[in-house]
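Scroll down for the structure; my scribbles are underneath it.
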Amino acid sequence: MIKNLSRTSKILSTLFVAFSPSMSVAEDMIQSGRVQVQSSWARASVGTMRPTAAYMTLQNTGDQPIVVSAIESEISGKISMHQTVVNAEGISTMRPLKSIDLAPGEKFEFAPGNHHIMIMELKKALVKDKKFSLKLVFEDKSEKIVEVPVLGMGARSLGEK
Amino acid sequence: MRSIVKTVGATIAILSATLALGWWQVDGPFEMRTEQNFRSSLSNMNFEMTSHLGKVVSPEYLVGNPTMFFFGFTYCPDVCPTTLAEISTWIEELGDLANSLNVVFITVDPARDDVKTVAEYLSNFNSKIEGWIGNSSQLAAAGNFFDVTYQRKESEDGTYTMDHSSSVFLYRSDGTFARTIDYHEPREVAVPKIKRTISEK
Ligand SMILES: [Cu+2]
């Protein structure tokens, strides 16, 4: 029943996003409908053995807090949210992020050298100029599919190269 | 149980006092060494490695031209390709000035990075960047001379990543250490540092 309800609201919210620019009550109920995703891209991988990373900017456009609890994709058996941290001695390390909390209006940036979506155990290589989709999973179990273009290994942002 | 906690607490207190004292003596306010003299000159770095082109290389052979060194590994998903892409843009911005510059990437993961792997990886970045691959003792020697740290970090799924120094090290053409570029320094800071290093004969 709950499953059905959330599916219905998802379908509803999709319809609202598609046909109505104004915020609807139904849409505002679920977290996925209140997140805007911009500038998504991923770095081409070297084969499937090595991990790679994806980046994007999320924004909470609603008036309630939002929590991103996981990221999933069919292209990989393991995706985690990470942060690259450089300590006082200049040593870089990666730290897992359990979830991302977005206050109303807040933006969160996954960007090279900082927060990143780490993609491990690739089922097939990410090839430059191709696309794949990622799924953001929210705390309320709603989901948002994000199309991610693959840029070259030397890319630094969606705008450059 | 409580007494164990107490003992541990006391030990930690003593340890931190000792550490604080150690810091005072080694790196504290009376520490005299400066960035300019604590790193070895390239002419003293008598270790050899193999380049991604299969040549035997050594820092000694680079003396005569300014040199930029940095460390990383090809299984690195975020910071290494970002650094390599960044350095590629610095080289482009330097234009002709970069002609004499050696740019060397040393892998800290020789267990997975062989000559072929590094060559393939570097083909994605500026062609001036040379990859150096050493065995573990050659890498340890390099780590010592450059005063860099690298450490294998296991993940729960049986793979591992490498924590490593993310700085870029600049050497003058006479082989002496000039300065570092830290990880978060923007291009507007990094490129003048390289220019200065090139001009300091
Ligand atoms: Cu990561």
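Each chain gets a letter, A, B and so on, in the order its sequence line appears, and its residues count up from 1. Small disclaimer: the values here were computed from a predicted structure and weren't measured.
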(request) Heavy atoms only, distances under 4.5 angstrom: which of B:T83, B:N126, B:T149 has the most pairs with chain A? Name it, please. (result)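 Highest number of heavy-atom pairs under 4.5 Å: B:T149.
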Does atom [atom1] of [X] have more than 12 heavy-atom neighbours, drawn from other residues, nucleotides or ligands, at distances under 6.0 Å?
X	atom1	result
A:K98	NZ	no
A:E74	CD	no
B:Q151	CD	no

(request) Name the member of A:S45, A:G90, A:A53 that forms the most heavy-atom pairs with chain B at distances under 4.5 Å. (result) A:G90
(message) If you count heavy-atom pairs within less than 4.5 Å of chain B, which of A:I119, A:I91, A:N87 leads?
(response)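 Most heavy-atom pairs within the cutoff with chain B belong to A:I91.
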(request) Would you kindly say whether B:T74 and A:R50 are connected by a side-chain donor-acceptor distance under 3.5 Å? (result) yes
At their closest point, which heavy atom of [X] faces which heavy atom of [Y], and how far apart are they?
X	Y	result
A:S92	B:V79	OG-CG1, 3.8 Å
B:H184	A:G113	CE1-O, 4.2 Å
B:F125	A:G154	CE2-CA, 3.6 Å
B:A85	A:A155	CB-O, 4.4 Å

(message) Check whether B:K153 reaches the backbone of A:T93 with its side chain - one donor and one acceptor, N or O, closer than 3.5 Å.
(response)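 Checking the backbone N and O of A:T93 against the side chain of B:K153, no donor-acceptor pair under 3.5 Å is found.
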(message) I'd like to know if the side chain of A:R43 reaches the main chain of B:P81, judged simply by a donor and an acceptor atom lying under 3.5 Å from each other, with no hydrogens or angles considered.
(response) no
(request) Heavy-atom distances under 4.5 Å only: say whether A:M153 touches chain B with side chain, backbone, both or neither. (result) both
(request) Please look at B:E120 and chain A and tell me whether the side chain, the backbone, both or neither of the residue comes under 4.5 angstrom of a heavy atom of that chain. (result) side chain
(message) At a 4.5 Å cut-off on heavy atoms, which part of B:Y183 comes close to chain A: side chain, backbone, both, or neither?
(response)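 For B:Y183, side-chain heavy atoms alone lie under 4.5 Å from chain A.
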(request) Please round to the nearest 0.5 Å and tell me the distance separating atom CD of A:E89 and atom CG of B:D147. (result) 10.5 Å
(request) Determine, step by step, whether A:F110 and B:D78 satisfy the side-chain contact (heavy atoms from CB on, under 4.5 Å) criterion, reporting the C-alpha distance in whole Å, the side-chain angles of both residues, the deciding distance to 0.1 Å, and the verdict. (result) CA-CA 11 Å; A:F110 287 104; B:D78 180 54; over 6 Å; no
(request) Run the numbers on B:T82 and A:R156 for side-chain contact (heavy atoms from CB on, under 4.5 Å), then give the verdict. (result) CA-CA 6 Å; B:T82 304; A:R156 299 186 313 140; 5.7 Å; no
